[in-house]
Amino acid sequence: MLGLNRKDLILFLIVVGLVVFAPFILNPFPEDSGLARFNAGYPDLMQRFVIFGIFAIGFNILFGLTGYLSFGHAAFLGIGSYAGVWMMKLLTVNIVPAIIASIVVAGVFSLVIGFICLRRSGIYFSILTLAFAQMAFALAYSVLTPITAGESGLQLSLNDPRILEAGGGSSIPAANFFGLTMRDGFEWALGGWVFTFNFGYYFCALLMLVAFYVSIRIFRSPFGMMLRAVKSNQQRMNYTGLNPKPYTLAAFVISGMYAGLAGGLMVAVDPLAGADRMFWTASGEVVLMTILGGAGTLIGPVLGAGMIKYFENIFSRLNERDLNALYDFLPDGLQGVAVSVSQMFVGDGWLLTLGLMFMLVVIFLPGGLVEGGQRVSRLFRRRKKTKTDDPEHHPQPSPHVGE
Amino acid sequence: MGILEVKDVNKRFGGLQALGDVNLSIAENSVHAIIGPNGAGKSTLLNCLVGKLIPDTGSVMFDGQSVLGRKPYEINQMGISRVFQTPEIFGDLTVFENVLIPCFAKRDGAFRMHAYEPMLAERDLVAEAEAMLDEVDMLAKRDMLASYLSRGDKRRLEMAMCLVQQPKLLLLDEPTAGMSRADTNNTIDLLKQINAKRDITMVIIEHDMHVVFSLAQRITVLAQGSPLVEDAPERIKGHPKVQEAYLGHAA
């Protein structure tokens with residue numbers, strides 16, 4: 001079905017399920033319990049999960065398949081955002097032109113930047129992309145202020161032309177998709193729980209599913225095979241009559257367009273674009289997401305993006321009271337100790353938690369969270385079937401890409 | 001007029017004359033060996049043929065066209081494939097995919113973004129790749145990752161990747177280096193088989209005289225960057241100049 005093999009289809013359906021039921025899955029604790037602070041099922045964060053999921057999926061097409069580590073991908077995110085806001089200023093607050101423009105503009109920029117950066121590989125490629133991203137950041141802050149609005153960030157205003165829109169009105173119209181307002185939604189109280197369904201989230205989620213589906217198809221296509229060949233052995237590729245460069249450039253542009261889409265969605269749900277979106281830490285973040293989840297796997301980047309955004313938004317807000325609620329089941333003395341130890345890792349210390357986790361994953365699970373999942377499932381499978389060693393003593397058939 | 005004509009090729013690396021006035025004519029569908037002591041310029045010559053190095057002077061004509069100034073992938077598209085000293089394969093890909101890629105490259109030459117997997121079957125590429133694997137006796141290892149193969153198998157795979165492109169000229173850079181005697185003999189048999197079955201010209205660079213004398217129809221001896229002798233194998237063996245180059249004056 002859908003041109004996917006059985007394994008990919010199951011994976012895709014699982015992701016569809018997770019995304020559709022995210023408002024439930026991310027809200028496991030009742031509203032009035034002390035643990036409600038661990039809930040992540042509010043629209044703003046859910047949108048961020050899927051948007052950064054798209055960003056990481058796209059990054060993984062470049063890094064996971066061809067092995068080229070771009071350290072300036074946030075530039076395309078920022079460029080996409082600016083293009084999106086400009087469309088909303090000039091044409092209409094309907095988000096369709098904004099999203100199309102952000103993809104196209106980011107694609108054009110990545111074509112130019114990729115063409116230059118791909119003259120080098122390895123660390124030099126990374127440095128070149130980093131240089132471009134920092135240039136974009138600096139320009140957006142200074143010289144290009146008329147286009148980017150510099151420090152204050154580019155936002156909608158009442159005086160925008162919006163030529164496709166019926167004029168008038170005394171307030172800035174809200175971003176919408178043919179009338180469906182992005183920030184609209186409804187809440188559903190069920191027992192002690194309150195589940196929020198937000199239109200903006202579902203719109204982004206739908207596009208993430210499309211992006212995810214396209215990435216599966218790219219991974220499985222002959223084109224994806226060529227990209228893996230680029231990573232594996234460029235010398236052999238050259239002597240097989242294939243010029244690796246167009247393949248890498250195509251991957252670069254595709255992942256740039258994914259980043260543009262993510263940038264466009266960011267302004268679709270919140271019409272504001274700032275230069276800090278292009279800062280190098282933002283580029284580094286997507287690298288972390290991809291590696292944490294598992295570079296070169298299909299689902300890894302999405303998991304990594306979710307994980308990092310969860311930590312960034314939930315752990316950073318926890319305080320002593322939340323921890324006391326978490327360790328409520330412990331005896332008093334122990335509770336005090338547990339809370340004071342945990343306190344180092346939450347609040348402002350969330351980066352410490354993230355850093356330690358990243359270290360642990362890179363050292364013990366080089367394949368990221370996906371490898372962790374595979375090891376656990378293999379453990380269960382081994383219990384069922386005992387001896388399967390083949391007599392010829394070949395290495396175990398290792399997992400291929402994207403499992 | 002041979003399929004490959006090398007005329008007055010010179011190559012210098014700083015003060016070192018790596019190749020000096022090399023002239024070579026390789027007849028179509030022959031097996032031609034190039035031998036010589038270490039540092040004789042064998043690999044440099046090979047690199048000049050495939051576009052990795054550009055000679056300072058001279059010309060290299062393949063099938064009536066100059067190869068000079070062309071990129072390695074363009075030269076490959078002209079019909080020259082190369083087997084490396086250490087097998088160059090796609091280690092992260094399966095054995096099958098390793099052969100599939102050259103199938104594609106042969107059909108479509110330069111960049112094309114093939115988006116759909118079913119296309120493979122439509123265009124018989126799967127059957128073609130599998131037939132090739134069968135020919136080199138590796139169909140059983142179809143889905144293994146290529147990096148897990150033994151050295152001998154990697155070599156067979158590399159040859160399969162070259163042969164599936166149906167090149168007119170196959171360059172082999174020490175195809176049996178580092179192999180056991182049994183693997184070496186297997187490789188010799190494979191090459192003989194290939195040569196008998198197809199219209200293919202082979203140029204072999206080799207140290208192992210056993211391989212050279214069981215395969216080559218003609219041998220060129222290089223010494224210090226210049227061809228010393230070119231002759232049939234039986235006459236090379238006892239040639240005084242060859243013995244001198246390999247063993248020094250005392251011999």
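Side-chain atoms are counted along with the backbone in the values below, which use heavy atoms only and exclude waters and symmetry mates. First the proteins, then the strands, lettered A, B, ... as listed; each starts at 1.
When all heavy atoms are compared, the tightest approach of B:Ile101 to A:Ala229 is CD1-CB, 3.5 Å. For B:Gly91 against A:Ser232, the heavy-atom pair with the smallest separation is N-OG, 2.9 Å.
With a 6.0 Å radius and a threshold of 12 heavy atoms from other residues, nucleotides or ligands, A:Phe115 has its CZ atom at or below the threshold. In this structure, B:Arg198 places its CZ atom where more than 12 heavy-atom neighbours from other residues, nucleotides or ligands lie under 6.0 Å away. For CD1 of B:Ile54, the number of neighbouring non-hydrogen atoms (other residues, nucleotides, ligands) closer than 6.0 Å is 12 at most. Within a 6.0 Å radius of CD1 in A:Ile123, no more than 12 heavy atoms belonging to other residues, nucleotides or ligands are found. Within a 6.0 Å sphere centred on CZ of A:Phe132, heavy atoms belonging to other residues, nucleotides or ligands number more than 12. Counted within 6.0 Å of CZ on A:Arg120, heavy atoms from surrounding residues, nucleotides or ligands total 12 or fewer; the atom is thus considered open.
Interatomic distance, CD of A:Gln234 versus OH of B:Tyr73, reported as 12.5 Å (0.5 Å rounding). Here the CZ-OG1 distance, from B:Phe90 to A:Thr240, works out to 4.5 Å after rounding to the nearest 0.5 Å. To the nearest 0.5 Å, atoms CD1 (B:Ile75) and CG (A:Asn238) are separated by 10.5 Å. Between the CE atom of A:Met225 and the CZ atom of B:Phe104 there is a distance of 5.0 Å, given to the nearest 0.5 Å. To the nearest 0.5 Å, the span separating CG on B:Leu100 from CE on A:Met226 amounts to 7.5 Å. Residue B:Asn98 holds its CG atom at 9.5 Å from CZ of A:Arg236, rounded to the nearest 0.5 Å.
Proximity to chain B (any heavy atom under 4.5 Å) is shown, for A:Leu227, by neither the backbone nor the side chain. Proximity to chain A is limited to the backbone of B:Val83, based on heavy atoms less than 4.5 angstrom apart. In this structure, the portions of B:Lys52 lying under 4.5 Å from any heavy atom of chain A include both its backbone and its side chain. Residue contact with chain A, scored on non-hydrogen atoms closer than 4.5 Å, is absent for B:Met78.
Counting heavy atoms from C-beta on, the side chains of B:Arg82 and A:Gln235 never come closer than 4.5 Å.
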